[in-house]
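Note that the numbering runs from 1 along the sequence shown for the chain.
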Amino acid sequence: MGGHNTDFDALIIGAGFAGLYQLHLLRDRLGLSVRVIEAQDGIGGTWQANRYPGARCDSESHSYCYFFCEEIYRAWEWSERYPGQEEILRYLDFVAEKLDLARDISLGVKVTGARYDESGNRWIVETDRGETLSCTWLITAVGCLSSANIPDIPGLSDFAGDWYHTGQWPREGVDLSGKRVGQIGTGSTGIQAAPAIAGEAAHLTVFQRTANYSVPARNAPLDETRKRYFKDHFEEIRAIVRRTPNGHPFEIAQRKVFDVDDDERRRLYEQAWETGGLRFRAVFQDLLASEESNATAAAFIKEKIRDIVRDPRKARILSDIDHPYAAKRPPIDTEYFETFNRDNVDLVDLREEPIIRITEGGILTAKAEYPLDVIVFATGFDAMTGPLLRLGLTGRDGVRLDETWAAGPVTYLGLQIPGFPNLFTVTGPGSPSVLVNLPIGIEQHVEWIADCIAFMREHGVTRIEPRMEAALAWGAHVEEAAGRTLLPQVPHSWYLGANIPGKPRVFMPYTGGMGRYRAICDDIAERGYPGFNLDDTPQPAPEARDFDAPVYAPGV
Ligand code: NAP
């Protein structure tokens, strides 16, 4: 660990998009002593961990970046419509170098526990290097999807081949040439990975539990005109990403599905399919508000799948989708469904033939044994709460986070937790988080936290903690906002925690939209932090009207 100092104003856990910008603001704007602790060997967070074949961002590159500094925005040039994993790491290295961040980041150091010491009003943080550090403000920048879910399938330890989780992919890569690969999982990751694996391996078997929608990404190199356009329109693009519900660089259409006749609707869907990517979801305003409206998009995509996939059995399994379009995170792809037309790709429907066990030689289902050299788990994450719970946080009065969250996460604005003073959670549960193009959500959080700390110093406040009633009111609002959409209706959604056995079913991300969320957070800060205790002084509870206006974020 660089330097001998063990006492800091602020410690930040994680050196992804969030941790890097938080370090810059606290150190360079507020003049605090700050250290970032990062468990991985390099910066970049999710992009350091997710090195699986085909890993690429689903947000368009000119919006998947920082907007706080026009000079940085203009100095960087993306090469493709969507940035690949390696290019994102290069971008973050470039930013880190420009802002001279590396000297305050400890790489390869894991936080093993952190407890709030009431008498000293400090956080005491332990690491796997045996150090004890302390700080006034502890900021978690650990991401929403950094705790891999490796399902407990019997027999994994008997498997004679190699196995990998996509979110813990080896840094040196994996040579799949000549191998028989089995991939479990067809979420956003699996849908990106399968075409890339099929192109490299001798044979790929995809094990699908729940069929999924996907829309072509239409990735392509950016030509000089586009690159110039993005640079010349920085302010306009920034205004759009900050205004739109999902932080994407395009508006959601105002029209509703049944505002147009069948022919026009078909034409609009075809056009959106050609445009590709998450823009498809923005073609109508009410796709996530009305089952009837959604069914038109669902039928359109299912028809496309059946058109693309030549083998009728595979086409049936892939298009037999049991939930509304985009009510789970909608994947986008490069030749995903086309991959099933390759001679070296098979598809197993786990609803028809569940996995019994993993054997020495492969995967045994209720119908057959599939011989494999490599198993790829594209099985997702213990999302949102997982990365926080594994930090071993203990708040006031010795209360552990896993105890206080036993029935599900309780936060105020997704930013703070009752009982955990001076702890801030970037993109925590209850914030828009995973429903937003993440750098946009992250910038807002990081700036709000820095402003809050600046306010505390200016006003001589040493401790901030949300009131329980404010957190419960916020939780009720998050639930109510979700209830206006189709999202909570999918029983197997990870938004609800349903992918992890035993995890409480609570709809975690805020569906009210980024613009609205930003306005609520700004308003709370401007009014002197209603809903928080500042030192021992309770600020008024937030009133229902503070965040209870009708909300519906069409694009979530
Ligand atoms: P995911 O969406 O949770 O998908 C996991 C897949 O594994 C699902 O198909 C799931 O089936 C299956 N699965 C899980 N446990 C299983 C088991 N025991 N047996 C058989 N199948 C099992 O995870 P993900 O694809 O890694 O994506 C997670 C999130 O990461 C995305 O939603 C997105 O937010 C983010 N992501 C973003 C990008 C990007 O921007 N480029 C790329 C990848 C991921 P069920 O559906 O039946 O549970």
request  = Any chance you could lay out the salt bridge (charged side-chain N to carboxylate O under 4.0 Å, His left out) test for K227 and D223, step after step, and finish with the verdict?
outcome  = CA-CA 6 Å; K227 289 180 186 173; D223 61 24; over 6 Å; no
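- Between F68 and Y73, the distance separating the two ring centers is not shorter than 6.0 angstrom.
- By the side chain to side chain donor-acceptor pair (under 3.5 Å) test, E264 pairs with R267, sequence neighbours left out.
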message = Go through it in stages, so that I can follow the logic: the residues are R279 and E60, the test is salt bridge (charged side-chain N to carboxylate O under 4.0 Å, His left out), and I'd like the CA-CA distance, side-chain angles, deciding distance and then a yes or no.
response = CA-CA 10 Å; R279 288 172 192 257; E60 296 183 17; 2.7 Å; yes
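- A donor-acceptor pair is defined here as one N or O able to donate and one able to accept, closer than 3.5 Å; no such pair exists between the side chain of N437 and the backbone of N246.
- Under 4.0 Å is where a charged nitrogen must lie from a carboxylate oxygen, and between K231 and E77 at least one such pair does.
- Checking each of D333, D58, T334, N50 against Q192 for a side-chain hydrogen bond (donor to acceptor under 3.5 Å, both in side chains) leaves exactly one that passes, namely D58.
- Listed by chain and number, the residues in a side chain to side chain donor-acceptor pair (under 3.5 Å) with K302 amount to none (sequence neighbours excluded).
- W494 places no side-chain N or O within donor-acceptor distance of the main-chain N or O of G380, the cut-off being under 3.5 Å.
- A search for side chain to side chain contact (heavy atoms under 4.5 Å, CB included) contacts involving D349 returns I317, R351, E352, not counting sequence neighbours.
- The shortest heavy-atom contact between Y82 and N219 is N-OD1, 3.1 Å.
- The shortest side-chain heavy-atom distance between E479 and F507 does not fall under the 4.5 Å cut-off.
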ask   = Would L350 and Q208 count as a side-chain contact (heavy atoms from CB on, under 4.5 Å) if you check the C-alpha gap in whole Å, the side-chain angles of each, and the deciding distance to 0.1 Å?
value = CA-CA 6 Å; L350 296 179; Q208 173 192 285; 5.9 Å; no
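- Partners of K304 according to the side chain to side chain contact (heavy atoms under 4.5 Å, CB included) rule, which considers only residues two or more places apart in sequence or in another chain, are E270, W273, F300.
- Of the charged side-chain nitrogens involved, none lies within less than 4.0 Å of a carboxylate oxygen, so that R266 and D263 do not count as a salt-bridged pair.
- Among all heavy-atom pairs drawn from I191 and S214, the shortest one is CG2-OG, 3.7 Å.
- Between P418 and R467 there is no side-chain heavy-atom pair separated by less than 4.5 Å.
- Counting heavy atoms of neighbouring residues, nucleotides and ligands inside a 6.0 Å radius, atom CD of E71 does not exceed 12 of them.
- With sequence neighbours excluded, no residue forms a side chain to side chain donor-acceptor pair (under 3.5 Å) with R238.
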task = Check step by step if side-chain contact (heavy atoms from CB on, under 4.5 Å) holds for F284 and I252.
result = CA-CA 7 Å; F284 291 110; I252 293 164; over 6 Å; no
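- Closest of all the heavy-atom pairs between V345 and A198 is CG2-CB, 3.6 Å.
- Contact record, Y412 with P530: OH-O, 2.9 Å, taken as the closest heavy-atom pair.
- Salt-bridge formation is not detected for the pair R228/E224: no Lys NZ or Arg NE/NH1/NH2 atom is positioned less than 4.0 Å from an Asp or Glu carboxylate oxygen.
- Judged by distance alone, the side chain of S61 and the main-chain N or O of E80 form a donor-acceptor pair under 3.5 Å.
- Between E87 and S79, the side chains place a donor N or O and an acceptor N or O closer than 3.5 Å (distance only, hydrogens not considered).
- Note: H165 and F381 have perpendicular aromatic rings, judged against thresholds of 30 and 60 degrees for the angle between ring planes.
- Screening residues 487-510 for salt bridge (Lys or Arg N to Asp or Glu O under 4.0 Å), with sequence neighbours left out, gives D382-K503.
- One distance of note links OG1 of T225 with CG of D232; it measures 11.0 Å at 0.5 Å rounding.
- The backbone N or O of S293 lies less than 3.5 Å from a partner atom in the side chain of T296, making a donor-acceptor pair.
- In this structure, T425 contributes its side chain and L415 its backbone to a donor-acceptor pair below 3.5 Å.
- Every residue meeting the side chain to side chain contact (heavy atoms under 4.5 Å, CB included) condition with Q254, not counting sequence neighbours, appears here in chain and number order: Q285.
- W448 pairs by the ring-ring contact (aromatic ring centres under 6.0 Å, His included) definition with Y529, not counting sequence neighbours.
- Contact check for T404 versus F420: side-chain heavy atoms found under the 4.5 Å cut-off.
- More than 12 heavy-atom neighbours from other residues, nucleotides or ligands sit within 6.0 angstrom of CD on E469.
- By the 30° and 60° cut-offs, the orientation of the rings of Y213 relative to H323 is perpendicular.
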inquiry  = With side-chain contact (heavy atoms from CB on, under 4.5 Å) as the criterion, how do I301 and F280 come out once you've worked through the C-alpha distance, each side chain's angles and the decisive distance to 0.1 Å?
reply    = CA-CA 10 Å; I301 299 174; F280 185 88; 3.8 Å; yes
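- Within the 4.5 Å cutoff, the side chain of R316 has no heavy atoms near those of the V309 side chain.
- With a 4.5 Å cut-off on side-chain heavy atoms, H492 and D322 count as touching.
- Contacts of I240 classified as side chain to side chain contact (heavy atoms under 4.5 Å, CB included), with partners at least two apart in sequence or in another chain: R243, T244, E251.
- Closest of all the heavy-atom pairs between P387 and V142 is CB-CG2, 3.7 Å.
- Listed by chain and residue number, W78, Y91, F94 satisfy the ring-ring contact (aromatic ring centres under 6.0 Å, His included) test with W76 (two or more places apart in sequence, or in another chain).
- For the ring-ring contact (aromatic ring centres under 6.0 Å, His included) test with H445, the passing option among Y517, F17, Y21, Y510 is Y517; the others fail.
- With sequence neighbours excluded, no residue satisfies side chain to side chain donor-acceptor pair (under 3.5 Å) with R518.
- In plain terms, the two heavy atoms of T379 and P151 that are nearest each other are OG1-CD, 3.4 Å.
- Between F340 and Y336, the ring-plane angle classifies as perpendicular under the 30° and 60° cut-offs.
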Verdict with supporting geometry, L435 and T511, side-chain contact (heavy atoms from CB on, under 4.5 Å) = CA-CA 7 Å; L435 299 180; T511 59; 3.6 Å; yes
key: Evaluation steps, salt bridge (charged side-chain N to carboxylate O under 4.0 Å, His left out), between D259 and K256   = CA-CA 5 Å; D259 288 347; K256 293 187 176 178; over 6 Å; no
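- F377 pairs by the ring-ring contact (aromatic ring centres under 6.0 Å, His included) definition with W163, not counting sequence neighbours.
- Distance check, rounded to the nearest 0.5 Å: CD1 of I442 to SG of C144 gives 7.5 Å.
- Taking a cutoff of 4.0 Å between a charged side-chain nitrogen and a carboxylate oxygen, E86 and R51 do not qualify as a salt bridge.
- Counting heavy atoms from C-beta outward, Q85 and Y52 have side chains that stay 4.5 Å or more apart.
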